[in-house]
Protein chains: 2
Amino acid sequence: MYDKLLDHIRQNVPGTGIEKQILKEYFTPTLFEKKEHFLKQGYICKFAGFVIEGCYRNYMLSTKGKEVNTGFGFENWWLGDVGSFVNQTPTLINTQFLEDTTLLTITAKNHLELLEKSQCFREYTNKLRSTATAASVSKLSGLSESASTRYKVLLEKYPKIQQRVSQKQIASFLQITPEALCRLRKSEIP
Amino acid sequence: MYDKLLDHIRQNVPGTGIEKQILKEYFTPTLFEKKEHFLKQGYICKFAGFVIEGCYRNYMLSTKGKEVNTGFGFENWWLGDVGSFVNQTPTLINTQFLEDTTLLTITAKNHLELLEKSQCFREYTNKLRSTATAASVSKLSGLSESASTRYKVLLEKYPKIQQRVSQKQIASFLQITPEALCRLRKSEIP
DNA sequence: TAAAATCGTTGACCTACATCAAGACTTTTA
DNA sequence: TAAAAGTCTTGATGTAGGTCAACGATTTTA
C-alpha cells in the first residue's frame, strides 16, 4: 500500500527518495465506504488523503442547493482542500466517494512536520500544487463550449471514466440533466 | 498619484506604512489608451500595474476563438497574471483597457526587490493574493445559474458597472449575446 | 429474498437563448 | 465635419437542453 505512494513520489520527483518507514510513520490507512463524505462545505479540512484504490467526486452547491460536480478523482490522486487544510478555514468543497475507497491519510500537523523534515516531500508537494492550479485553469477555459464539446473533452482526458462513474454524475459535471446526456450519447457515438 | 497607492496599502495593512519616496523609486506612471492591451495570451507578464484611473477587462479565448470576458477592473485594482509574473511563464490571460487608463507599473524584478525590502509591502501583496484566490472561487460558484441570476449578482456586486462598461462587454461576461442581455434588461428592470 | 429505491432510456412538450436582419443613435476616424 | 464603424434595440425564427412522466433493469435495503 505504501509502495503506491512511494512510486507516485518517485515519478514526480525523480532522482530523490524518501524512506518507506517515514511514510508508515506519517500516513494512516483509512477505509471509506461508497457514499461517505471526506469533506463537507463549512467544515475545516483536517486531513489530506492519497487514493490507493477507489474513486470520488468533488461538488459544490448552487444557490438553489443543487449539487454540481466539479471533478472526479481516482487511484494516485490526492484529496482535500489545500486552502482549508493550510489555513484551517472552512472549505467550500464537498468530496464524496463513489466506490468503497482506501486512502492513506495524514493530518495537517503531520503534513507540516513532514514538509519540514523531507526535502523530497517538499518538492513533491510543490509540484502537485502547481499542477493542480493549472488544472483549475483548464476547467475555467472549458466554459462557453457546448455540452457536447465538454463531453468529448472529458472522454479524451479520462477515457475510462465511463466504466467508473455513473452517467448521472457525469451529467452533473457537464452541467446538463441525465436525460440530455443520454440523448447526446445516442446521437453522437453510434 | 502615488497617494492613491499609498492609501490602498494603508487600508489593507493598517498600522504599518511605507514611504512615498520608495514607491516613487519602484513604480512608474504609465498611460494606456482605450483598446490597448496590457497582457496577451502567450506572452510573459513583465509588469504588474495598479490602476490610478481607468478600467479594463480580462478575457480568455474559447476554442472557437471567441473572446469571453472573465472580469473587469477599475480604480485601485491590480492587473497582471501572478503566475506568469512570478514564474516568467506564458500567460493565458488577455487584459484590454476599456477607457484611457493611468497605471503605476512595476517590473517583476523590482517587485521582488521591493518584497524583500519592505515588510509592509510583503503583507500587502500576501493579502491581495489571498483575496484574489477567494474571488476566483466565487466566480466558479456562480456557474449553473441562469443568465438573469448572474446579471443580478453582477449588479449587486458592482452597481456602477453599467456607467463604465458597455452592454456588449457585460454580455460577454455573462456568456450571452448582447441581444439577449438587451431583452433581459427590458423584461426585468422597468 | 422480497420490497424499495435508483438508474438509464425514451417521448411529449416548453423555455432560454442563439442567430440573422435591419433601423436609430452614438462614437471614432479620416 | 463627413463618412465609417460600432452600439443598442426590436422582430422573426431556430435549437439545445430543461421538465415531467413512464417503464424496464439494476442495485440497495430490510
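By convention in this document, chain letters (A, B, ...) are assigned in the order of the sequence lines, proteins followed by strands, and residues within each chain are numbered from 1.
At least one donor-acceptor pair under 3.5 Å links the side chain of B:T30 to the backbone N or O of B:T28. Judged by distance alone, with hydrogens and angles left aside, the side-chain atoms of B:S172 form a donor-acceptor pair with the main-chain N or O of B:N69 at under 3.5 Å. In this structure, B:E75 contributes its side chain and B:G54 its backbone to a donor-acceptor pair below 3.5 Å. The backbone N or O of A:Y124 sits nowhere less than 3.5 Å from a side-chain atom of A:N12 that would complete a donor-acceptor pair.
For B:Q169 and D:dT7, the CD to P distance is 8 Å, given to the nearest whole Å. In this structure, A:K66 places its NZ atom 13 Å from P of D:dG17, rounding to the nearest Å. For B:L174 and C:dA18, the CG to P distance is 10 Å, given to the nearest whole Å. Atom CG of B:L98 and atom C1' of D:dT7 are 14 Å apart (whole Å). The CG-C1' distance, from A:L184 to D:dA16, rounds to 10 Å in whole Å. Residue A:K168 contributes atom NZ, which lies 15 Å from atom P of C:dT9 at whole-angstrom precision. Regarding A:Q162, its CD atom lies at a distance of 17 Å from the P atom of C:dC7, rounded to whole Å.
Where B:V165 and A:P178 meet DNA chain D, the nucleotide closest to each residue was compared, and B:V165 sits on the side nearer the 5' end. Each of B:E179 and A:C182 has a nearest nucleotide on DNA chain C; the 5'-most of these lies closest to A:C182. Residue-to-nucleotide proximity on DNA chain C shows that, of B:L181 and A:R183, the 5′-proximal contact is made by A:R183.
Residues B:Q162 and B:L155 form a side-chain contact, since some pair of their non-hydrogen atoms from C-beta on lies under 4.5 Å apart.
Between A:Q167 and C:dT9 there is a side-chain N or O to OP1 or OP2 distance below 4.0 Å. Within the 4.0 Å cut-off from OP1 or OP2 of C:dT10, at least one side-chain nitrogen or oxygen of A:K186 is found.
Below the 3.5 angstrom threshold, one finds no donor paired with an acceptor across the side chain of A:R185 and the base of C:dG8.
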Using a cut-off of under 3.5 Å, enumerate the N/O to N/O pairs linking the protein to nucleotides 24-30 of chain D.
| residue | atom | partner | partner atom | Å |
| --- | --- | --- | --- | --- |
| D:dT28 | OP1 | A:K34 | NZ | 3.2 |

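At the heavy-atom level, B:T177 lies under 4.0 Å from base atoms of the strands shown.
Checked for salt-bridge contact, A:K4 and A:D7 miss the test: no charged N lies under 4.0 Å from a carboxylate O.
Aromatic ring centroids of A:F173 and A:F72 lie under 6.0 Å apart.
Taking the side chain of B:S166 as heavy atoms from C-beta on, and the options D:dC8, C:dT9, C:dC17, the nearest nucleotide is D:dC8.
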